[in-house]
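Everything on this sheet refers to the single structure shown next.
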Amino acid sequence: MHPLYDEANEVVEKLRAARLEVAHLSAELARAEYDLRVTQARVERKWIKKAGGEKALAPTAEDRARILLVALDADEEYRAALERRDTLALRLEEARVEADALRNRLSVILAAMRANEP
């Protein structure tokens with residue numbers, strides 16, 4: 001057995017775990033993005049209803065967009081959903097970087113193993 005065999009197997013297991021983490025975080029991020037969109041719709045609907053309709057909120061679409069952006073920024077539920085989504089996006093990116101690093105490490109180990117073959 002090659003002396004790097006155990007190390008290669010260890011990296012393979014870590015890579016498997018990192019890929020599973022990426023998959024789980026991807027699913028969690030998709031849910032967080034959905035929740036964020038639903039929260040945004042709720043906040044916007046509340047403000048439009050409170051104003052008596054879209055035209056009553058503001059005369060133009062651009063004005064309404066600005067007003068709703070400020071309303072979203074002031075809404076605690078929306079800010080919490082946004083923070084959750086952003087945190088998950090960062091964790092996902094970190095998990096992808098870790099998986100890439102493990103894949104690169106495995107490639108180096110395999111190259112070293114092949115270089116030592118008779």
Side-chain angles (χ1 to χ4, degrees):
M1 185 179 323
H2 197 282
L4 292 174
Y5 181 78
D6 288 336
E7 185 178 352
N9 277 333
E10 180 184 324
V11 172
V12 166
E13 279 306 306
K14 287 180 181 178
L15 181 56
R16 182 189 66 75
R19 285 178 173 161
L20 284 173
E21 180 71 5
V22 167
H24 288 284
L25 286 170
S26 293
E28 201 173 341
L29 179 59
R31 179 61 193 193
E33 288 173 344
Y34 173 79
D35 290 345
L36 182 64
R37 287 191 311 272
V38 169
T39 302
Q40 178 178 350
R42 262 193 217 117
V43 171
E44 289 177 354
R45 184 175 183 269
K46 178 179 81 174
W47 277 85
I48 291 168
K49 189 174 180 182
K50 190 176 186 179
E54 285 188 20
K55 295 289 183 184
L57 181 63
T60 68
E62 294 82 16
D63 290 338
R64 286 189 294 275
R66 280 191 293 276
I67 290 169
L68 292 174
L69 179 61
V70 172
L72 288 169
D73 187 56
D75 189 85
E76 289 183 29
E77 183 182 356
Y78 179 81
R79 302 266 308 164
L82 180 62
E83 185 177 330
R84 179 173 180 262
R85 194 272 322 258
D86 291 348
T87 298
L88 285 168
L90 178 60
R91 286 179 51 207
L92 176 58
E93 187 57 31
E94 290 170 346
R96 286 180 174 152
V97 167
E98 179 64 22
D100 287 344
L102 287 167
R103 193 172 20 259
N104 292 340
R105 182 174 172 202
L106 183 59
S107 294
V108 169
I109 292 169
L110 293 174
M113 289 172 75
R114 282 188 216 104
N116 290 335
E117 289 178 354

pair [X]-[Y]: side-chain heavy atoms closer than 4.5 Å:
X	Y	answer
L72	E44	yes
R19	R96	no
R114	H2	no

Using side-chain contact (heavy atoms from CB on, under 4.5 Å) as the criterion, list what pairs up with [X], not counting sequence neighbours.
X	result
D63	A58, P59, T60, R66
V38	Y34, R42
K46	D75

Pair E28 + R31, salt bridge at N-O below 4.0 Å: no

E10 with K14: basic N within carboxylate O range, under 4.0 Å: yes

What's the spacing between [X] [atom1] and [Y] [atom2] if we round to 0.5 Å?
X	Y	atom1	atom2	value
L68	D73	CG	CG	12.5 Å
H24	L88	NE2	CG	13.5 Å
E21	L25	CD	CG	4.0 Å
R84	D35	CZ	CG	6.0 Å
E54	R45	CD	CZ	12.0 Å
E98	E93	CD	CD	12.5 Å

Any chain of hydrophobic side-chain contacts (each under 4.5 Å) joining [X] to [Y]?
X	Y	value
L4	L106	yes
V97	L90	no
V12	M113	yes
I67	L82	yes

Looking at every heavy atom in both [X] and [Y], which two are closest together, and how far apart are they?
X	Y	answer
L57	I48	CD2-CG1, 3.9 Å
R103	L15	N-CD1, 4.0 Å
A18	L102	CB-CD1, 3.9 Å
L36	Y78	CD1-CE1, 3.3 Å

Intermediate values then yes/no, salt bridge (charged side-chain N to carboxylate O under 4.0 Å, His left out), E94 and R91: CA-CA 5 Å; E94 290 170 346; R91 286 179 51 207; over 6 Å; no

